[in-house]
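Within every chain, numbering begins at 1; the chains are lettered A, B, ... in the order of the sequence lines, protein sequences first and strands thereafter. The basis for the numbers below is simple: all heavy atoms, side chains too, and nothing from hydrogens, waters or symmetry mates.
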2 protein chains.
Amino acid sequence: MPAQRPRQRPPRPRPRATYHHGDLRRALIDAAAAIIGEVGAEAFTLREASRRIGVNHRAAYRHFADKASLLAAVAEQGFRELIEAARREIAGTGAADPEARLLAAARAYVQFAARHPAHFRVMFGPRLNEGGNVAAVDALVAEAYRLLEAEVRAGMDRGSFAPDAGPHPMVAVWAAMHGLASLVLMKRVDVPEGRVGAWVDRIMGRVVRGLR
Amino acid sequence: MPAQRPRQRPPRPRPRATYHHGDLRRALIDAAAAIIGEVGAEAFTLREASRRIGVNHRAAYRHFADKASLLAAVAEQGFRELIEAARREIAGTGAADPEARLLAAARAYVQFAARHPAHFRVMFGPRLNEGGNVAAVDALVAEAYRLLEAEVRAGMDRGSFAPDAGPHPMVAVWAAMHGLASLVLMKRVDVPEGRVGAWVDRIMGRVVRGLR
DNA sequence: ACCTGAACACCGTTCAAGT
DNA sequence: ACCTGAACACCGTTCAAGT
């Protein structure tokens, strides 16, 4: 699969300022995220990331145990951005209505997937899920979960949603939101770039209605 | 990532019967599916598949253009099994009620993901989706789509679901089902092996109710 | 037709130094 | 502390044959 790179190698990887106190770590994460965005996670290479930054490919091992750990750090960063975007979108509604707030969170979630498909795939890829996970990622997933759950609970407390002590209503919302994000990212449903938000509102609106 | 395989190589890859008229093709697909099930798609290797069958690693190129094509064939096979399972489960209900039939299809979908997580991931992975797809896979996805869509339409015709000419109701169902399958496969919701069907009924029940 | 073997240009990771 | 360089055991894929 790894198509041979062009024969002509750049004359010299211009030596950058030396990295210290964690700069290299940051630089590696950023480079990895950029490469993944360009070629996908399967084609991502530790050596290419190092090359881009201008350090020896072994330098990464000072900051990450292995390739998987660097990818985990990229996923972590993605979860932080996703959570932040969801909070921002929720706050942007200025509404106290849990239905409106859930839709806002869903818009952020789906938009993130649509705009950063490869990043989203790393975040929900096999290495970081399916058990034997990375604690830092698990913590962020839990945080995102609670963000939504608070709205679902609020809806029940206000009497907008049918009361239910179990996780089913929350899982229904999360599943629909995650599935919609996946379908959009896979271009299995195709919705024009600017209309993602409107689609989310329509489709998630139906799901949220099922909680009443 | 590719952990060095154990130093000790099996004494001799026992020479099997020679493969002709497409036997090797089948054997490769089966071996690939088996390996993926054991170690995941990222760790899957063309050379290992050939090794297992007992042929030179170059033999695969007689039947597949490259590694991606073999994986596409594995995905195709998976879609065929998934569709068959859904039909079987739908028929098993013996019901004409579209809600019950949709839940049956969803059970098959989620069960498949829970039982064959790596296979499911290949089927919905970047190479076969996100545009520039494989025609054979697209055709099977379309077939699966129509399977569900027929039930959604039937529900509208009977007056169980609110009429809607657009794709939104169908997308809502598909998204929820796909998302639930993903969450279960990722063990992000954990439901005991034997209780997957019951969970699907509860959660998808809420979503389907949103179509009324 | 179908399979093999050697070679090439990559990888991730380990070991042993360099400053 | 932080980075480098050479080496190892893999890959996918191409070229050129073998039967």
Side-chain angles (χ1 to χ4, degrees), chain A residues 1-10 12-29 31-32 35-36 39-74 122 127, chain B residues 1-10 12-29 31-32 35-36 39-74 122 127:
Chain A
M1 233 102 120
Q4 261 75 284
R5 297 192 323 110
R7 249 127 247 271
Q8 206 56 18
R9 185 84 46 103
R12 257 255 156 250
R14 61 201 140 101
R16 299 285 186 74
T18 46
Y19 288 93
H20 20 273
H21 14 279
D23 278 337
L24 180 53
R25 193 189 140 84
R26 251 265 72 80
L28 279 166
I29 295 174
I35 294 169
I36 286 165
V39 299
E42 327 73 47
F44 166 72
T45 250
L46 261 186
R47 283 166 111 117
E48 169 64 14
S50 311
R51 228 178 265 133
R52 253 183 218 212
I53 297 171
V55 297
N56 184 279
H57 67 275
R58 276 267 15 194
Y61 287 88
R62 188 64 36 188
H63 300 278
F64 300 99
D66 51 20
K67 189 187 180 182
S69 302
L70 174 49
L71 286 174
V74 170
V122 171
R127 203 78 60 172
Chain B
M1 236 102 123
Q4 261 75 285
R5 299 191 323 111
R7 250 126 245 274
Q8 206 56 20
R9 185 86 46 105
R12 256 253 157 252
R14 60 202 141 102
R16 299 284 186 75
T18 46
Y19 288 94
H20 21 273
H21 15 279
D23 278 337
L24 180 52
R25 192 189 140 85
R26 251 263 74 79
L28 279 166
I29 295 175
I35 294 170
I36 286 165
V39 300
E42 327 73 48
F44 165 73
T45 252
L46 261 185
R47 282 165 112 116
E48 168 64 14
S50 311
R51 228 177 265 133
R52 249 179 223 214
I53 297 170
V55 297
N56 184 279
H57 67 274
R58 277 267 13 195
Y61 287 88
R62 189 62 37 187
H63 299 279
F64 299 99
D66 51 20
K67 190 188 180 182
S69 302
L70 174 51
L71 285 175
V74 170
V122 171
R127 203 79 60 173

What's the [atom1]-[atom2] distance between [X] and [N], to the nearest Å?
| X | N | atom1 | atom2 | result |
| --- | --- | --- | --- | --- |
| Leu71(B) | dC11(D) | CG | P | 15 Å |
| Leu28(A) | dC3(D) | CG | C1' | 12 Å |
| Asn56(A) | dG18(C) | CG | C1' | 12 Å |
| Arg47(B) | dC11(C) | CZ | C1' | 12 Å |
| Ile53(B) | dC2(C) | CD1 | P | 15 Å |
| Leu46(A) | dC10(C) | CG | C1' | 14 Å |
| Arg62(A) | dT13(C) | CZ | C1' | 14 Å |
| Phe64(B) | dT13(D) | CZ | C1' | 16 Å |

If I take atom [atom1] from residue [X] and atom [atom2] from residue [Y], how far apart are they, to the nearest 0.5 angstrom?
| X | Y | atom1 | atom2 | answer |
| --- | --- | --- | --- | --- |
| Arg62(B) | Leu24(B) | CZ | CG | 10.5 Å |
| Glu42(A) | Lys67(B) | CD | NZ | 10.0 Å |
| Leu28(A) | His63(A) | CG | NE2 | 7.0 Å |
| Thr45(A) | His57(A) | OG1 | NE2 | 11.0 Å |

Measuring only the P atom in each nucleotide, how far is dC2(D) from dA16(C)? A whole number of Å is fine.
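The same atom, P, in both gives a distance of 22 Å.
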
Please report the distance separating the C1' of dC8(D) from the corresponding atom of dC10(C), rounded so that it comes out in whole Å.
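After rounding to an integer number of Å, I get 14 Å for this pair.
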
State, yes or no, whether a side-chain contact exists between Tyr61(B) and Leu70(B) at a heavy-atom distance under 4.5 Å.
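No, their side chains stay 4.5 Å or more apart.
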
Under a 3.5 Å limit for both distances, which nucleotide forms a Watson-Crick or G-U wobble pair with dC15(C), could you say?
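Result: dG5(D).
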
Only pairs with both distances under 3.5 Å count, Watson-Crick or wobble alike; so what is the partner of dC10(D) in this structure?
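Paired with dC10(D), as far as the under-3.5 Å criterion goes, is no nucleotide at all.
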
Is the distance from OP1 or OP2 of [N] to the nearest side-chain N or O of [X] less than 4.0 Å?
| X | N | answer |
| --- | --- | --- |
| Arg58(B) | dA7(C) | no |
| Thr45(A) | dC10(C) | no |
| Tyr61(B) | dT14(D) | no |
| Arg51(A) | dC10(C) | no |
| His57(B) | dG5(C) | no |

Proximal nucleotide (of dT13(D), dC2(C), dG12(C)) relative to the Asp66(B) side chain
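Output: dT13(D).
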
